[in-house]
There are 2 protein chains.
Amino acid sequence: MGQILLDLAVLGLLRDTPLHGYELKRRLADLGFWRVSFGSLYPGLKRLERQGFIESLRDGGRKRTYQLVPAGQAHFEHLLIEETNTTEDERHFHLRLAFFRYLDGDTRIKSLDRRRNELVERLADSRRSMRLANGRGRERPDRYAKALMERGVRSTESDIAWLDQLIAAERSEQASPSSAEQSQGETQWAK
Amino acid sequence: MGQILLDLAVLGLLRDTPLHGYELKRRLADLGFWRVSFGSLYPGLKRLERQGFIESLRDGGRKRTYQLVPAGQAHFEHLLIEETNTTEDERHFHLRLAFFRYLDGDTRIKSLDRRRNELVERLADSRRSMRLANGRGRERPDRYAKALMERGVRSTESDIAWLDQLIAAERSEQASPSSAEQSQGETQWAK
DNA sequence: GCAGCAGTATATCGGTTCGATATAGTCTCG
DNA sequence: CGAGACTATATCGAACCGATATACTGCTGC
C-alpha cells in the first residue's frame with residue numbers, strides 16, 4: 001500500500017513546479033490526507049530518483065531541489081488512472097481527486113464510476129454482515145458494535161450520494177463546456 | 001502510531017478468550033478497521049510476549065495458543081482510556097468503541113466527549129482553511145479540491161452529530177439503568 | 001553586534017509494518 | 001486415495017515512521 005500514496009503525492013506536487021524536500025513536506029501536509037515524516041520522505045525521494053522518476057540538484061548550500069523528469073510524469077499519470085482497488089484506503093482515492101485536474105472528463109467519470117461500484121459493493125457487504133450479526137441468537141453485538149456498523153453504512157451511503165453529485169456535475173459540464181469552472185459547486189450544495 | 005492499533009486489537013480480542021494466531025487474524029479482519037498481515041501479526045505477537053503481556057503455548061502440533069496475562073490486561077485497559085489524540089487516526093477511536101463494553105459509563109462519556117472536542121476543533125480548522133483557500137485571489141482551488149474540502153466538513157459534522165447521539169444514549173441509560181441494553185439503538189435511529 | 005531563539009533543511013537509526021512467499025498439516029468429497 | 005481448499009506458522013526484503021542529530025539562516029531585542 002504505502003509507497004503508492006507517497007509516489008502519487010510527490011510526483012503530483014512536482015508536476016507543477018520543482019521543490020525542496022522541506023517545502024514538499026509542508027505541501028504534503030497541506031493536502032491533509034496524511035502526515036509524511038522525514039524518515040519516509042527523504043528515503044522515498046532517494047528511491048524515486050534511483051527509479052529515474054525525479055532528479056535532484058544541490059543549489060549552493062545543502063539544499064536540494066527535486067524536479068520531475070518525463071519518465072516521472074508518465075509514472076504519475078499511470079498511478080492516477082491505474083485500476084487498483086481504492087476501497088481499502090480512501091486516502092488513495094481522495095488523493096487522486098486532488099489531482100483530477102490532470103485528467104480529461106471521460107477518464108474522470110470512469111474513475112468516479114469505478115469508485116462508486118466499489119462502495120456499492122462494500123455497502124452490500126456491510127448490510128449483509130449486519131443482518132448476520134443481529135440474526136444469530138447467542139451473543140448479539142453490544143450497543144457500540146452496532147452503532148459502529150450503522151455509522152459505517154450511513155457514511156458509505158453518503159459517500160455514494162457525494163459521488164453521484166460529482167458524476168452529475170462532470171457530465172453536465174461535458175454537455176455544456178462553456179459554464180464556468182469555479183462557480184460549479186457553490187450553489188449546488190452549499191450548506 | 002502503528003503498534004498501538006495492533007496491541008489494542010490483539011489484547012482486546014484475547015481478553016475474552018485465548019486464540020490461535022490464524023483465528024486472531026480472522027477476527028481482526030472481522031472488526032473491519034484494517035487488515036493485518038501475517039508479517040505484522042506474528043512479529044507483533046512475539047513482541048507482546050517479549051514485553052510480558054501475553055503467553056503462548058504449543059498445543060500438540062505446530063499450533064500456538066496465545067492468552068492474556070494480568071500485565072497484558074492492565075496494558076489493554078491503559079490503552080483503552082489513554083489520552084492520545086485520536087483525530088489523526090479515526091481507526092484508533094473506532095477500535096476503542098468496539099471494546100467500550102469493558103469501560104464503565106463515566107469513562108465512556110469522558111472518552112466520547114474528548115473525541116467530540118477534537119472533532120469540533122478539526123471542524124473549525126477545516127472551515128478556516130476553506131475560507132482561506134477560497135479567499136485569496138490568485139489560483140483558487142479547482143472544483144475537485146473544493147469538493148474534497150466540503151466533503152471533509154460535512155463528514156466531520158455528521159460524526160459530531162453521531163457522537164451526540166451516543167453521548168445522549170449513554171446518559172439516558174445512566175439515568176435509568178433498567179432499560180434493556182439491546183433495544184437501545186434500534187428505534188432511535190433505524191434507517 | 002551579538003546572544004538567543006525560531007524556522008529551514010537534510011540525513012540517519014532502530015524498531016515496526018507489509019506483501020509475498022515457503023512450508024506443511026488437515027479436512028472434504030468424489 | 002488423492003486433488004484441492006483451508007488452516008497455520010514463519011521469514012525475507014523493502015519500505016515506513018518517530019525520534020533525533022546536525023547545521024545554517026534570519027530576526028529580535030538589548
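Lettering of chains follows the sequences in order, A, B, ..., and the numbering in each one begins at 1.
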Checklist entry - Are OP1 or OP2 of C/dG14 and a side-chain N or O of B/R47 less than 4.0 angstrom apart? => result no
Item to check | Salt bridge flag under 4.0 Å for residues B/E90 and A/R151 | outcome: yes
Next on the checklist: Tell me whether the side-chain N/O atoms of B/Y42 come closer than 4.0 Å to OP1 or OP2 in D/dT9.
Outcome noted: yes
Checklist entry - Quick one: are the ring centres of B/F99 and B/F76 less than 6.0 Å apart? => result yes
Checklist entry - What residues, two or more places apart in sequence or in another chain, satisfy side-chain contact (heavy atoms from CB on, under 4.5 Å) together with B/V153? => result B/L123, B/S126, B/R127, B/M130, B/E157
Checklist entry - To the nearest angstrom, how far is A/K25 atom NZ from C/dG7 atom C1'? => result 14 Å
Show me the side-chain donor-acceptor pairs of residues 40-48 of chain B shorter than 3.5 Å, one per line, residues at least two apart or across chains.
residue, atom, partner, partner atom, Å
B/S40, OG, B/S37, OG, 3.1
B/R47, NH1, B/D7, OD1, 3.4
B/R47, NH1, B/D7, OD2, 3.4
B/R47, NH1, B/Q51, OE1, 3.4
B/R47, NH2, B/D7, OD1, 3.1

Checklist outcome for this item: When rounded to whole Å, the CG to P distance for the pair B/L48 and C/dG15 reads 16 Å
Next on the checklist: Regarding A/G39, tell me which of base, sugar-phosphate or nothing describes its non-hydrogen contacts under 4.0 Å with the strands shown.
Outcome noted: base
Next on the checklist: Nearest 0.5 angstrom please: A/H92 NE2 to A/L97 CG, how far?
Outcome noted: 11.0 Å
Checklist entry - With distance as the sole test, does A/R108 use its side chain to make a donor-acceptor pair with the main-chain N or O of A/F100 at under 3.5 Å? => result yes
Item to check | Earlier contact from the 5' end, DNA chain D, for A/W34 and B/P43 | outcome: B/P43
Checklist entry - Distance check: side-chain N/O of B/S37 vs OP1/OP2 of C/dT17, anything under 4.0 Å? => result no
Checklist outcome for this item: Considering only heavy side-chain atoms of A/R58, the closest of D/dA8, C/dC18, C/dT10 is C/dT10
Next on the checklist: I need the CD1-C1' distance between A/I4 and C/dC18, as an integer number of Å.
Outcome noted: 12 Å
Next on the checklist: Can you see if the side chain of B/R26 gets near the phosphate of D/dT7 - specifically, an N or O under 4.0 Å from OP1 or OP2?
Outcome noted: yes
Next on the checklist: Looking at B/R128 and B/D125, is there a salt bridge between them, counting it only when a charged N and a carboxylate O are closer than 4.0 Å?
Outcome noted: yes
Checklist entry - Among D/dA8, C/dT17, C/dT10, which nucleotide sits nearest the side chain of B/H20? => result D/dA8
Item to check | Integer-rounded Å distance: D/dC12 P and B/F38 CZ | outcome: 17 Å
Next on the checklist: Measure CG/B/L28 against P/C/dC18 and give the value in whole Å, please.
Outcome noted: 10 Å
Item to check | Nearest-angstrom distance from the residue atom CZ of A/R35 to C1' of D/dC16 | outcome: 13 Å
Next on the checklist: Side chain of A/Y22, heavy atoms from C-beta onward: which of C/dT10, C/dT17, D/dA10 has the nearest atom to it?
Outcome noted: C/dT10
Next on the checklist: Do the side chains of A/E150 and A/R154 get close enough for a salt bridge, i.e. N-O under 4.0 angstrom?
Outcome noted: no
Below 3.5 Å between N/O atoms, which protein atoms pair up with nucleotides 23-25 of chain D? Just atom names and distances, please.
residue, atom, partner, partner atom, Å
D/dC24, O4', A/R62, NH2, 3.1

Checklist entry - What's the CG-P distance between B/L45 and D/dT11, to the nearest Å? => result 13 Å
Checklist entry - Between B/Q51 (CD) and C/dG15 (P), how many Å, whole number? => result 12 Å
Checklist entry - Hey, does A/K46 reach any base, or is it just sugar-phosphate, or nothing, if we go heavy atoms under 4.0 Å? => result sugar-phosphate
